[in-house]
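The residues of the chain are indexed from 1 along the displayed sequence. Predicted model only: the values in this text are computed from it and were never measured.
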Amino acid sequence: MRFSSLSIGVKLITQESIAALKNQLDIVEVVSHYIEVKKMGASFKSCCPFHQEKTPSFVLNANKGYFHCFGCGISGDAIKFVMDYEKLNYIEALEKLAQFYNITLEYTDKIKKSDDFKILNFMNDYYQNMLNPEVESYIKKRGITPETKMRFELGYAPNNYEIMAHLQRNFINLQDALNVGILGAEVENGAKRYYARLTQRLTFPIRSSQNKIIGFGGRTLGNHPAKYINSPQTKLFNKSQVLYGYPQAKDSIYRLNEIIITEGYLDVIMLHQAGFTNAVATLGTALTHGHLPLLAKGNPKIFLAFDGDNAGMNAAFKAATLLSLANKEGGVVLFDNGLDPADMVKNGEIEILKNLFSAPIPLIDYVLNTILSQFDLKNAVQKDTCLKESLAFLHQLSPVIQEEYKSWLAQRLNLPSHLIKVQSTQKFQNPAIQDSFPADIASTQESFYGLAEKIIIKSILEDMSLLDFVLNYLEPQMFHSQTLAYQKLLQGELESSPLIGILLDSKIKAQTKENLKQQIIMILYRYYDEQRKLLLQNSSLSLREKSFLLRKYQKYLEDLKKGDLALYESVGTF
């Protein structure tokens with residue numbers, strides 16, 4: 001039997017409505033919203049997001065609208081991809097895609113479905129209509145022309161009571177307005193009270209890469225301690241995946257093959273006004289891994305244009321590290337003397353801006369220079385620590401890049417080049433997916449253990465509740481290639497370059513507590529097997545003492561081989 005509609009509780013989505021949505025779906029566009037895909041010949045490819053792999057075997061067929069992974073066998077259409085990627089049911093995936101394409105789904109029971117985009121567009125029109133002479137004077141004072149004001153749709157959010165009255169006059173459901181971030185809510189005496197999130201603020205509509213309004217930013221024009229605020233996280237708006245001004249900059253980004261990332265709304269607006277129409281901004285957050293799929297579109301060079309204060313330099317360091325490890329090309333431009341791009345445009349310093357953007361500090365140079373600046377290189381101990389931290393970053397890059405920076409680093413540290421050791425990328429099997437513990441683990445390649453160490457660290461980074469469990473067994477000295485990263489983890493320096501590199505490494509799959517036991521056993525086996533070998537060379541112990549300890553080590557190693565995870569009980573005296 002064929003049904004003419006699909007039930008959602010008491011509501012029914014018509015098959016005609018679903019068919020209309022499917023006709024609009026572009027498999028490449030949908031998948032590109034979540035992961036980075038690249039055109040290879042007549043198809044598009046990527047590493048499969050549903051299993052771990054190094055060589056892309058996830059293929060998109062744009063003509064047929066299907067995806068298929070030749071590695072794990074998963075396949076389907078755009079709806080199936082959204083269901084599997086976001087862990088949604090069929091109905092939820094339909095509604096997600098309908099919002100994505102701004103399509104209204106029809107329901108047979110005639111219950112009106114909230115249209116989130118319509119509410120946001122409605123409020124954007126309202127904010128623009130609320131511009132008054134005082135706000136217009138402020139906009140003009142900032143150097144913004146009327147044409148730029150219109151292009152970026154600047155508006156004004158008035159007092160709370162005015163906004164609430166406007167919503168109620170137009171019969172806007174307050175819960176729907178809450179769901180898209182226009183309103184906030186609090187409970188007073190058991191009753192929910194709604195209030196406007198943006199009041200007495202200059203408003204900036206935030207648009208997705210598909211040019212749909214998904215939220216708002218606001219700059220206070222009063223005395224509010226928070227100068228800028230954004231819409232809260234909603235089902236439409238995730239500030240860690242969005243770049244302000246991207247729709248306006250998109251054409252220039254593709255044409256110039258370059259993108260400028262700044263720190264604020266006004267920086268973007270004024271740079272566009274000055275002709276730098278490839279400028280965008282993060283939304284009050286650091287550049288994140290979630291931004292990378294958007295930055296991968298067209299694979300442009302990425303220039304970070306940040307303030308020259310401590311906060312700006314730290315943000316530039318984190319962003320440059322992220323981009324370097326993601327194999328992106330570009331550089332860093334810092335603005336000194338308390339100025340920012342918006343100030344420079346207002347002051348007419350366009351030529352200076354052009355010169356700055358034409359000679360940025362390369363991303364990798366900036367990361368290494370920042371690491372070096374944190375140490376007293378006249379102190380041998382600090383120089384040694386600096387070298388280790390620099391190499392921890394470099395070793396996450398390709399062998400070619402490591403080789404290129406070998407002499408660079410040696411020169412700046414005033415060290416012979418042979419001390420700057422590069423690491424070649426080796427192919428190895430992921431121990432996280434092996435079926436059994438290796439029979440002769442001591443003979444396994446070092447890279448095998450290095451990956452196990454990274455798996456342990458990444459698992460903790462993604463679930464900090466695992467830290468106490470791992471600390472029961474593993475001390476920093478038990479790690480080899482990832483000692484520094486493990487120390488950074490224990491010190492809480494979660495945004496250091498070694499840890500960011502592990503988070504971005506697609507070869508590494510975080511494990512559950514149960515599956516993590518195998519990785520811990522591997523590290524324990526190597527460490528105590530090394531201790532056993534050192535004991536054989538120890539001449540200070542008597543034969544009886546040495547024999548006792550050797551038997552103890554051997555028994556513990558045998559237990560580990562059987563898969564028994566236990567603490568080694570040390571013996572202080574005999």
Side-chain angles (χ1 to χ4, degrees), residues 28-40 44-50 52-56 58 60 81-82 85-86 100 206-210 214 233 237-247 249-250 253-254 257-263 278-306 315-332 360 362-364 366-367 393 396-398 401 454 458 461-462 494-510:
V28 176
E29 184 176 38
V30 172
V31 173
S32 297
H33 182 69
Y34 295 95
I35 62 174
E36 181 179 348
V37 300
K38 294 182 179 179
K39 186 170 178 59
M40 295 184 179
F44 294 81
K45 291 186 178 181
S46 176
C47 286
C48 181
F50 304 113
Q52 184 177 359
E53 63 178 4
K54 292 178 63 179
T55 303
F58 186 82
L60 305 177
F81 179 87
V82 173
Y85 193 90
E86 294 216 34
F100 185 79
I206 301 167
R207 292 181 174 271
S208 69
S209 58
Q210 290 79 34
I214 54 177
Q233 187 99 348
F237 178 59
N238 182 342
K239 65 182 180 181
S240 296
Q241 297 176 348
V242 181
L243 293 169
Y244 175 71
Y246 188 87
K250 185 176 180 179
I253 293 169
Y254 278 86
N257 199 34
E258 294 177 353
I259 184 170
I260 298 170
I261 300 178
T262 68
E263 296 182 282
N278 58 334
V280 299
T282 53
L283 294 167
T285 182
L287 200 67
T288 70
H289 189 223
H291 289 118
L292 293 180
L294 185 57
L295 292 173
K297 294 178 182 293
N299 198 29
K301 291 182 180 179
I302 302 167
F303 299 113
L304 305 170
F306 291 173
F317 173 70
K318 293 172 185 176
T321 302
L322 175 78
L323 295 172
S324 298
L325 299 180
N327 200 31
K328 301 300 181 184
E329 191 177 353
V332 177
L363 294 171
I364 297 174
Y366 186 83
V367 173
F393 167 70
Q396 297 168 76
L397 306 177
S398 73
I401 294 176
K454 290 182 178 180
K458 186 165 187 177
L461 287 171
E462 295 195 2
L494 303 184
E495 294 180 331
S496 62
S497 58
L499 295 182
I500 291 176
I502 290 173
L503 273 173
L504 289 178
D505 194 333
S506 61
K507 300 187 298 293
I508 306 166
K509 185 178 180 182

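How far CD1 of I261 is from OH of Y246: 10.5 Å, rounded to the nearest 0.5 Å. Distance check, rounded to the nearest 0.5 Å: CD1 of I214 to CZ of F100 gives 10.5 Å. Once rounded to the nearest 0.5 Å, the distance linking CG of L294 with CD of Q241 reads 9.5 Å. Taken to the nearest 0.5 Å, the CD atom of Q396 stands 6.0 Å off from the NZ atom of K454. Note: I35 CD1 to L60 CG = 7.0 Å, rounded to the nearest 0.5 Å. Remark: K297 NZ to K38 NZ distance equals 13.5 Å, nearest 0.5 Å.
The minimum heavy-atom distance linking G298 with N257 is given by the pair O-OD1, 3.2 Å. The minimum heavy-atom distance linking V242 with N238 is given by the pair CG2-O, 3.3 Å. Here the closest heavy-atom approach between residue A279 and residue A249 is recorded as O-CB, 3.6 Å. Nearest heavy atoms, T285 versus H291: CG2-CE1, 4.3 Å. Contact detail for I508 and I502: the closest heavy-atom pair is CD1-O, 3.8 Å. Across every non-hydrogen atom of L287 and T282, the tightest pair is CD1-CG2, 3.8 Å.
Although no hydrogens or angles enter the test, the distance criterion places a donor-acceptor pair under 3.5 Å between the side chain of T262 and the main chain of V280. With hydrogens and angles disregarded, a donor-acceptor distance shorter than 3.5 Å links the side chain of T288 to the backbone of S240.
Ring planes of Y85 and Y34: tilted class, angle from 30 to 60°.
Looking only at side-chain heavy atoms (C-beta outward), F317 and F306 stay at 4.5 Å or farther from each other. Using a 4.5 Å heavy-atom cutoff, the side chains of L304 and Y366 are not in contact.
With a 6.0 Å radius and a threshold of 12 heavy atoms from other residues, nucleotides or ligands, E29 has its CD atom above the threshold. Annotation: K328, atom NZ; neighbour count of heavy atoms from other residues, nucleotides and ligands within 6.0 Å is above 12. Other residues, nucleotides and ligands contribute only 12 or fewer heavy atoms inside 6.0 Å of the NZ atom of K45. Residue-environment remark: CG (N299) exceeds the threshold of 12 foreign heavy atoms within 6.0 Å.
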Worksheet entry | L323 vs L292, side chain to side chain contact (heavy atoms under 4.5 Å, CB included): CA-CA, chis, key distance, verdict | CA-CA 8 Å; L323 295 172; L292 293 180; 4.0 Å; yes

Item to complete: Would you check, one step at a time, whether the test side chain to side chain contact (heavy atoms under 4.5 Å, CB included) holds for F58 with V31?
Response: CA-CA 11 Å; F58 186 82; V31 173; 4.2 Å; yes

Item to complete: Report the C-alpha distance between S32 and F44 in whole Å, list the side-chain angles of each, state the deciding distance to 0.1 Å, and finish with yes or no for side chain to side chain contact (heavy atoms under 4.5 Å, CB included).
Response: CA-CA 10 Å; S32 297; F44 294 81; over 6 Å; no

Item to complete: Decide side chain to side chain contact (heavy atoms under 4.5 Å, CB included) for L363 and E329; before the verdict, give the C-alpha distance in whole Å, the side-chain angles of both, and the deciding distance to 0.1 Å.
Response: CA-CA 7 Å; L363 294 171; E329 191 177 353; 5.9 Å; no

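Looking at I259, I260, V332 one by one, the single match for side chain to side chain contact (heavy atoms under 4.5 Å, CB included) with I302 turns out to be I259.
Residues that satisfy the salt bridge (Lys or Arg N to Asp or Glu O under 4.0 Å) test with K239, not counting sequence neighbours, are absent from this structure.
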